[in-house]
Amino acid sequence: FFDKELSIDDYTETKRISDAFNHMMDKINKLEESRQEFVSNVSHELKTPITSVKVLADSLLMQEDVPQELYREFLADIVDEINRESKIINDLLTLVKMDKTKSELNVEKVNINDFIEIILKRLRPLAIGKNIELVFESFRPVIAEVDETKLTLAISNLVENAIKYNVLDGWVHISLNADHKYFYVKVADSGIGIPEEEQERVFERFYRVDKTRSRETGGTGLGLSITKSVIQMHKGAIKLYSKEGEGTTFTIRIPLNYIS
Ligand code: ADP
């Protein structure tokens, strides 16, 4: 058998198999790399609030007769850090659950107009706090087959960001439209915008354009990756248009009828 000369066909077949194998190995290596990066990011993000809590608690313990006011201030900071930690853990659990149940959408017929109104009602207090005008414009009534819980998360993230990364007295416009196949939700804001070179990266896990600012606003850097996962699970698409200092518009497109 081994003495048998290889024909051209045999060579082509061997080359095809070896190319496919190399391609698969490349994919496995890339997956492993991104897994390691994710674990290292998670550890870092979870460590930061704990380090702050330790510093705050240690400095209280080291001083004798801490004035009541300072004592309360440090305790309030400790509570903030603990809240932050629990927000990161919650977002992480949501992401992991979503990865595990990739195809498991709990799809039902939903009135999207009402659905958006409910989201905005919940987020209105956040907008009022910054005197931001929150407007919803619907071009037509839309009924679609979606996972209401997951989509609430996805769209809330977009509207919350539009308020968080906005200026005082700014505006957020949400619009709903549809054609025979898809419905479209647009969330536009008059906020700080996203620099062009960062626009692709904002969907990555833990990616934040301005870490200090995002920390101040309580951001974990996981919101948009959760949103993107949900949209992809619905076989939809998301894109963004943004200009620094002028504002950002996210547009999502989702099939009216769920394609399993
Ligand atoms: P975060 O929890 O930090 O808000 P996200 O994943 O939701 O994380 O967003 C990632 C980053 O993208 C944010 O930290 C912010 O820098 C930027 N970003 C998201 N939405 C907007 C927006 N509407 N305007 C300006 N920047 C935004």
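Predicted, not measured: the structure shown is a model, and the values here were computed from it. Numbering of ligands and ligand atoms starts at 1, following listing order.
With hydrogens and angles ignored, the 3.5 Å screen pairs no side-chain donor or acceptor of Thr251 with any backbone N or O of Val187. Proximity of a side-chain donor or acceptor of Gln199 to a complementary backbone N or O of Ser242 within less than 3.5 Å is detected. Using a distance-only test at 3.5 Å, with no hydrogens or angles considered, a donor-acceptor pair links the side chain of Asp147 to the main chain of Asn106. Without hydrogens or angle criteria, Glu246 side chain to Gly193 main chain gives no donor-acceptor distance under 3.5 Å.
Contacts between Val209 and ligand 1 below 4.0 angstrom, taking non-hydrogen atoms only, involve backbone and side chain alike. When heavy-atom distances to ligand 1 are checked against a 4.0 Å cut-off, Glu198 has no atom that comes that close, whether in backbone or side chain. In Phe203, neither the side chain nor the backbone holds a heavy atom less than 4.0 Å from any atom of ligand 1. The side chain of Ile194, and not its backbone, has at least one atom closer than 4.0 Å to an atom of ligand 1 (non-hydrogen atoms only; side chain from C-beta on).
A side chain to side chain donor-acceptor pair (under 3.5 Å) check over residues 20-29, counting only residues at least two apart or in different chains, returns nothing.
Contact annotation: Glu160 has no heavy atom less than 4.0 Å from any atom of ligand 1.
Heavy-atom contacts of Leu222 reach the following atoms of ligand 1: 6 (O), 8 (O) (cutoff under 4.0 Å). Taking every non-hydrogen atom of Gly223 and a distance limit under 4.0 Å, the qualifying atoms of ligand 1 come out as 5 (P), 6 (O), 7 (O). Those atoms of ligand 1 that come under 4.0 Å of a heavy atom in Leu224, given as number and element, are 5 (P), 6 (O), 7 (O), 9 (O), 19 (C). Of all the atoms in ligand 1, the ones that sit under 4.0 Å from a non-hydrogen atom of Thr220 are 1 (P), 2 (O), 3 (O). Those atoms of ligand 1 that come under 4.0 Å of a heavy atom in Gly221, given as number and element, are 1 (P), 2 (O), 3 (O), 6 (O), 8 (O).
A distance of 9.5 Å separates CD of Glu204 from CG of Asn41, quoted to the nearest 0.5 Å.
For ligand 1, the polar-atom distance check finds no N/O of Ser225 at less than 3.5 Å from any of the ligand's N/O atoms.
Counting non-hydrogen atoms of other residues, nucleotides and ligands closer than 6.0 Å to CD1 of Ile28 gives a total above 12. Within 6.0 Å of the CD atom in Glu69, the count of heavy atoms belonging to other residues, nucleotides or ligands does not exceed 12.
Every salt bridge (charged side-chain N to carboxylate O under 4.0 Å, His left out) that Glu13 has, sequence neighbours left out, goes to Arg16.
Counting only non-hydrogen atoms, the option in Glu244, Lys228, Arg208 that gets closest to atom 14 (O) of ligand 1 is Arg208. Counting only non-hydrogen atoms, the option in Tyr207, Tyr165, Phe206 that gets closest to atom 4 (O) of ligand 1 is Tyr165.
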